[in-house]
Amino acid sequence: MDLYVQLAKNTIDRYIREGEIYCPEKSELTEEMRGTQAGAFVSIHEKGMLRGCIGTIGPTRDTLAEEIIANAISAAVRDPRFPAIRAEELDLLEISVDVLGEPEQISSGEELDVKRYGVIVEKGYRRGLLLPDLDGVDTVDEQISIAKKKAGIDEDEENVKMYRFEVIRHE
């Protein structure tokens with residue numbers, strides 16, 4: 001199993017079963033996890049259906065490992081769209097970890113590709129993000145529309161800033 005996914009899985013298992021935050025051994029982490037900062041999303045699926053997804057656009061912790069640990073716990077028990085994961089579900093979960101690259105501002109959707117880039121939309125204090133290469137999101141227009149909806153931005157609002165970013169997905 002990919003080490004990023006293993007870290008998220010071990011974190012979720014420990015938190016759900018024991019109520020404790022997982023503290024990995026140094027040998028369980030890559031150099032990137034120990035030595036860099038980045039935004040990261042942890043996505044949890046059960047039987048092919050989304051069960052939780054929480055992440056950070058940019059780094060909020062000292063290391064990428066700490067970012068993954070915090071977001072794994074949040075995806076498991078704090079995603080407001082779903083009830084907290086229960087111990088009997090743990091063996092059914094499929095987990096992925098997306099490590100976000102640096103966002104770059106774009107002027108239009110013509111600079112997006114739904115398979116390659118995620119999108120961030122921003123208007124004032126409202127901000128929404130959609131990861132790239134998601135099942136059921138096939139066009140740039142759909143991607144932007146979903147991100148706007150998540151941000152509470154109307155479809156026809158003007159002067160909406162957009163950013164694109166790449167991810168490294170660990171499954």
Side-chain angles (χ1 to χ4, degrees), residues 1-25 28-30 32-34 36-103 114-122 125-137 142-143 145-152 163-171:
M1 182 181 291
D2 178 280
L3 290 177
Y4 294 76
V5 174
Q6 189 66 53
L7 176 59
K9 180 179 177 9
N10 290 347
T11 297
I12 293 166
D13 283 354
R14 173 75 52 88
Y15 194 81
I16 299 300
R17 291 184 200 280
E18 301 170 30
E20 297 176 359
I21 295 175
Y22 183 65
C23 295
E25 298 292 324
E28 297 175 71
L29 304 175
T30 67
E32 179 188 42
M33 285 191 265
R34 291 190 312 265
T36 64
Q37 293 180 293
F41 273 73
V42 175
S43 301
I44 304 169
H45 287 81
E46 185 177 329
K47 299 178 183 172
M49 301 297 293
L50 185 64
R51 187 63 178 82
C53 180
I54 297 286
T56 47
I57 293 173
T60 63
R61 309 287 174 160
D62 290 337
T63 68
L64 179 54
E66 292 173 25
E67 202 82 35
I68 293 168
I69 289 166
N71 292 338
I73 292 168
S74 291
V77 301
R78 295 188 188 107
D79 188 326
R81 300 170 291 180
F82 305 99
I85 288 175
R86 300 175 319 274
E88 57 269 18
E89 295 177 88
L90 291 172
D91 292 336
L92 305 172
L93 302 179
E94 301 154 7
I95 299 166
S96 63
V97 176
D98 289 312
V99 179
L100 278 62
E102 194 67 35
V114 295
K115 297 294 185 196
R116 179 176 177 189
Y117 297 110
V119 66
I120 301 165
V121 295
E122 185 177 86
Y125 64 89
R126 297 172 292 166
R127 185 161 46 169
L129 176 146
L130 199 67
L131 295 169
D133 199 19
L134 297 176
D135 288 339
V137 181
E142 287 176 303
Q143 186 183 40
S145 176
I146 294 167
K148 282 182 173 180
K149 186 178 289 185
K150 290 173 80 173
Y163 303 83
R164 70 181 185 185
F165 60 91
E166 293 184 279
V167 302
I168 298 174
R169 180 162 293 154
H170 299 271
E171 298 180 297

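Just so it is clear, the values below take in all heavy atoms, side chains as well, and ignore hydrogens, waters and symmetry mates.
In this structure, Gln37 contributes its side chain and Thr60 its backbone to no donor-acceptor pair below 3.5 Å. Arg164 places no side-chain N or O within 3.5 Å of a backbone atom of Arg116 that could act as its donor or acceptor partner. Remark: the backbone N or O of Lys9 is not paired with any side-chain donor or acceptor of Arg14 at under 3.5 angstrom. Looking only at distances, no side-chain donor or acceptor of Glu122 sits under 3.5 Å from a matching main-chain atom of Tyr163. A donor-acceptor contact shorter than 3.5 Å links the side chain of Lys150 to the backbone of Leu129.
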Chi angles and distances behind the side-chain contact (heavy atoms from CB on, under 4.5 Å) call for Ile57, Phe165: CA-CA 10 Å; Ile57 293 173; Phe165 60 91; over 6 Å; no

Verdict with reasoning, Tyr22 to Ile73, per side-chain contact (heavy atoms from CB on, under 4.5 Å): CA-CA 10 Å; Tyr22 183 65; Ile73 292 168; over 6 Å; no

Leu131 and Arg169: CA distance, side-chain angles, deciding distance, side-chain contact (heavy atoms from CB on, under 4.5 Å) verdict: CA-CA 10 Å; Leu131 295 169; Arg169 180 162 293 154; 4.0 Å; yes

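A salt bridge does not link Glu66 with Arg61: every distance from a Lys NZ or Arg NE/NH1/NH2 to an Asp or Glu carboxylate oxygen is 4.0 Å or more.
Within the structure, every pair that satisfies the side-chain hydrogen bond (donor to acceptor under 3.5 Å, both in side chains) test and touches residues 69-81, not counting sequence neighbours, is listed here: Thr56-Asn71, Ser74-Arg78, Asp79-Arg81.
Within a 6.0 Å sphere centred on CG of Leu92, other residues, nucleotides and ligands contribute more than 12 heavy atoms.
In this structure, the side chain to side chain contact (heavy atoms under 4.5 Å, CB included) partners of Glu25, at least two apart in sequence or on a different chain, are Ser27, Glu28.
Looking at Ser96 and Glu171, their side chains come closer than 4.5 Å, going by heavy atoms from C-beta outward.
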